[in-house]
Amino acid sequence: MVQKYQSPIRVYKHPFELVMVAYEKRFPTCPQIPVFLGSEVLRESRSADGAVHVVERSCRLRVEAPRLLRKIAGVEHVVFVQRNVLNWKERTLFIEAHNETFASRVVVKENCSYRVHPENEDWTCFEQSASLDIRSFFGFESALEKIAMRQYTANVKRGKEVIEHYLNELISQGTSHIPRWTPALAREEDAPSQARQREPDSLEVCGPSNAQDLAPESVSTDGDKLDADYIDRCLGHLTPMQESCLVQLRRWLQETHKGKIPKDEHILRFLRARDFHLDRAREMLCQSLSWRKQHQVDLLLETWRPPALLEEFYAGGWHYQDIDGRPLYILRLGHMDTKGLMKAVGEEVLLRHILSVNEEGQKRCEGNTKQFGRPISSWTCLVDLEGLSLRHLWRPGVKALLRMIEVVEGNYPETLGRLLIVRAPRVFPVLWTLISPFINENTRQKFLIYSGSNYQGPGGLVDYLDKDVIPDFLGGECLCNVPEGGLVPKSLYLTEEDQENEDQLWQWRETYHSASVLRGAPHEVTVEILERESVITWDFDILRGDVVFSLYHAKQASMPGPREPGARASGQLMDRGWALGANFSCVEAPLICREGESIQGSHVTRWPGIYLLQWQMHSPPAHMACSLPGVEDVLTALHSPGPRCKLLYYYEVLASEDFRGSMSSLESCTSRFSQLSAATSSSSAPSHSSSLVSR
């Protein structure tokens with residue numbers, strides 16, 4: 001594979017002639033460049049008027065590689081051939097270099113260029129490109145590629161420092177101006193000029209490139225080029241290879257993309273999301289550009305107006321900035337009725353609103369960059385989980401959340417600088433287990449999670465937010481205008497016809513199982529748990545009648561014979577001859593569920609074995625015992641046209657390994673989550689379970 005390097009344009013704020021004198025001072029040897037061992041002139045020529053000076057040199061560079069690799073290669077230094085074309089009239093210097101050592105095994109090419117800045121004739125621009133193609137190298141191709149690229153990029157930075165060193169030396173010696181070339185002057189200074197032309201910088205030799213890549217017209221600083229000062233000022237510090245990836249991807253977009261070219265900050269986010277792997281970043285960016293065009297996302301901020309219902313009940317909004325100048329977004333998730341919002345506006349409207357938040361975030365980052373005079377490319381999100389409960393585990397809501405995470409991760413990478421989660425309740429680990437696998441590892445490392453009141457005081461929010469912007473509802477003094485959320489009235493829900501038009505009802509019904517419950521004939525689901533600390537979650541809606549929900553545990557199944565681990569559902573599954581306390585135990589207290597209510601819950605298992613989820617028709621309080629119906633009750637119910645209860649239910653088992661891994665990831669966060677984590681996952685603690693009626 002050919003490795004390529006392309007620098008941004010580096011600007012010396014000095015005239016071309018002075019920069020050339022500084023360039024010449026580095027040769028034939030240069031103490032500031034230890035790897036450059038020396039050079040000799042192979043060929044030299046001048047034009048008749050002296051305007052063009054061509055020099056070809058052989059340069060020796062010390063090999064900086066592990067001793068074993070040098071011993072196998074049998075060399076302590078390598079030879080490069082460099083050809084310089086200096087045009088005093090046009091005020092340009094073009095440098096072409098290639099390796100002579102191991103030329104049949106490794107091909108290294110480099111092109112460099114100095115020329116006058118197009119907008120200021122007293123400034124000089126420098127640009128270089130390179131390529132490295134290792135065909136074979138004694139089985140050490142991969143190691144050599146890494147060493148070569150690391151050394152090359154280190155020398156790129158050093159090369160600019162050396163030029164600046166000699167410029168400062170010239171100025172300190174009183175040489176701050178060199179007259180421009182004229183034909184008469186060129187003839188008179190022919191000999192001194194030859195004396196000055198000695199040897200090129202090894203830093204511009206020990207890397208790769210293509211000669212035709214640096215035609216004169218390619219070295220301009222027009223809008224299609226990036227210069228290093230702009231990168232430092234507006235994009236932040238980048239290594240030479242990171243700069244190269246940005247320049248190459250931007251140039252590729254300019255040459256191939258027919259639509260609007262993304263801003264440099266946006267391109268850089270995709271490179272960071274793929275660890276500056278150029279091909280993977282290009283693929284990710286192309287998919288995102290296609291998605292933006294398909295959904296007209298570029299026009300979103302101009303066309304999107306959230307419904308009044310969202311403005312009232314969606315508990316999120318922008319609130320000043322954090323201590324680093326990042327825009328701050330506050331989300332009071334625990335106060336938000338996600339189920340009500342989805343039933344009132346639909347999933348697509350919610351997704352559109354989330355996209356508008358991300359678009360606004362990018363716009364605010366640009367504004368803060370200008371306001372604070374330093375690069376700001378991401379924002380901070382403060383999530384308040386006070387009020388988060390099992391109703392937030394409503395499965396269509398969780399699925400919608402996962403879809404939104406997928407869309408945001410794929411199209412707004414590296415926009416989240418920090419996520420502060422405060423007042424995390426005990427149910428949070430279950431929700432975290434469900435969603436964390438869908439969150440990029442780079443993003444997860446930005447989470448800081450606090451349970452209880454640990455966000456207060458040193459080590460808490462004051463480390464990331466100025467005291468005067470901490471919201472009042474978190475104990476600060478700043479009035480926060482973010483909506484408080486609350487339950488969405490059922491009267492505002494979409495009609496079934498509207499939901500059908502959006503395919504929501506079909507999607508939700510696909511998620512749930514339906515069941516009927518007769519008097520004396522409960523509906524039961526058995527789940528076989530192989531490891532302790534697995535998590536059973538449930539979510540059901542009572543469509544008709546009142547039922548009692550219970551969760552039981554048995555050490556073994558009532559039906560003999562081999563069976564696959566997992567779950568089974570039927571009218572009745574537990575052996576009715578078993579006795580409570582002897583053959584099975586009740587691990588979730590019976591919960592009365594009324595018609596129209598929605599119940600979400602979870603149970604962290606303490607023992608392996610068979611767990612049974614049971615829904616039975618609600619009886620008067622006197623008959624509500626934690627027991628199973630008898631055979632006669634069942635036969636009577638099956639042959640009687642008595643009342644019938646109906647429900648839609650969903651259950652899921654979170655494997656012990658996944659749950660423990662989720663807890664470990666929470667504990668490894670830079671957070672104060674340890675108390676909650678220990679309370680939730682401690683092996684000595686009894687299994688905990690809970691259900692919540694949300695309506």
Side-chain angles (χ1 to χ4, degrees), residues 390 393-396 398-399 430 434 508-532 534-576 578 580 583-593 597-618 626-629 633-634 637-638 644-656 659 687 689-693:
L390 294 167
L393 297 182
W394 181 59
R395 276 315 178 274
V398 172
K399 285 191 171 184
V430 178
L434 290 170
W508 295 350
R509 287 166 181 164
E510 283 286 301
T511 302
Y512 290 85
H513 306 278
S514 61
S516 295
V517 179
L518 304 174
R519 187 176 302 280
H523 182 80
E524 297 172 347
V525 174
T526 62
V527 180
E528 184 173 4
I529 299 297
L530 301 180
E531 290 186 291
R532 61 184 297 276
S534 297
V535 181
I536 305 172
T537 70
W538 54 85
D539 173 13
F540 56 90
D541 290 342
I542 308 302
L543 303 181
R544 188 170 71 195
D546 299 340
V547 301
V548 177
F549 171 73
S550 304
L551 179 66
Y552 299 97
H553 170 261
K555 294 182 179 179
Q556 60 183 13
S558 60
M559 290 166 283
R563 54 179 298 191
E564 293 290 328
R568 298 194 317 124
S570 181
Q572 294 173 280
L573 298 173
M574 189 71 80
D575 189 331
R576 301 308 165 190
W578 282 10
L580 179 65
N583 305 103
F584 65 96
S585 58
C586 183
V587 294
E588 173 80 10
L591 177 69
I592 301 174
C593 310
E597 290 181 340
S598 179
I599 292 87
Q600 293 79 37
S602 67
H603 177 85
V604 181
T605 62
R606 186 176 182 183
W607 312 280
I610 304 301
Y611 286 80
L612 183 138
L613 289 78
Q614 182 196 77
W615 294 268
Q616 60 177 321
M617 186 173 290
H618 176 52
C626 187
S627 60
L628 302 174
D633 295 331
V634 174
L638 291 175
R644 179 189 300 256
C645 296
K646 294 191 69 174
L647 67 139
L648 292 173
Y649 69 92
Y650 175 89
Y651 61 90
E652 183 176 2
V653 176
L654 307 180
S656 174
F659 184 62
S687 61
S689 57
S690 54
S691 290
L692 183 125
V693 180

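Computed from a predicted structure; not experimentally measured.
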Can you confirm whether the side chains of [X] and [Y] place a donor and an acceptor under 3.5 Å from each other?
X      : Y      : result
Ser598 : Gln600 : yes
Tyr651 : Asp539 : no
Tyr611 : His603 : no

Should [X] and [Y] count as side-chain neighbours, where that means a heavy-atom distance under 4.5 Å?
X      : Y      : result
Asp541 : Leu647 : no
Leu530 : Glu528 : yes
Leu434 : Glu652 : yes
Val527 : Ile610 : no
Val430 : Thr537 : yes
Val548 : Gln614 : no
Ile529 : Ile536 : yes
Val587 : Trp607 : yes

Measure across Leu518 and Met617 and return the closest heavy-atom pair with its distance rounded to 0.1 Å.
->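 Minimum heavy-atom contact is C-CE, 3.9 Å.
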
Identify the heavy atoms of Cys586 and Pro590 that sit nearest to each other, and give their distance.
->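 Between these two residues, the closest heavy atoms are SG-CD, 4.2 Å.
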
Pairwise distance [atom1]([X]) to [atom2]([Y]) - rounded to 0.5 angstrom:
X      : Y      : atom1 : atom2 : value
His523 : Cys645 : NE2   : SG    : 13.0 Å
Glu597 : Ile592 : CD    : CD1   : 10.0 Å
Tyr552 : Glu524 : OH    : CD    : 8.0 Å
Ile542 : Trp615 : CD1   : CH2   : 8.5 Å

Mark yes or no for whether Arg544, through its side chain, and Arg644, through its backbone, hold a donor-acceptor pair below 3.5 Å.
->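 Checking the backbone N and O of Arg644 against the side chain of Arg544, a donor-acceptor pair under 3.5 Å is found.
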
Using modelled atom types only, decide if a donor and an acceptor are shared between the side chain of His553 and the backbone of Pro608 within a distance under 3.5 Å.
->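 Looks like yes, one N/O pair under 3.5 Å.
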
Ser514: partners by side-chain contact (heavy atoms from CB on, under 4.5 Å), with sequence neighbours left out =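 Checked Ser514 against side-chain contact (heavy atoms from CB on, under 4.5 Å); matches are Leu648.
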
Show your working on side-chain contact (heavy atoms from CB on, under 4.5 Å) between Glu588 and Ser550 and close with a plain yes or no.
-> CA-CA 6 Å; Glu588 173 80 10; Ser550 304; 6.0 Å; no

Go through Leu551 and Trp538 one step at a time and tell me if the side-chain contact (heavy atoms from CB on, under 4.5 Å) criterion holds.
-> CA-CA 11 Å; Leu551 179 66; Trp538 54 85; 4.1 Å; yes

Look at the aromatic rings of Tyr650 and Tyr512 and report parallel, tilted or perpendicular, splitting at 30° and 60°.
->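 Rings of Tyr650 and Tyr512: perpendicular, as their planes differ by over 60°.
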
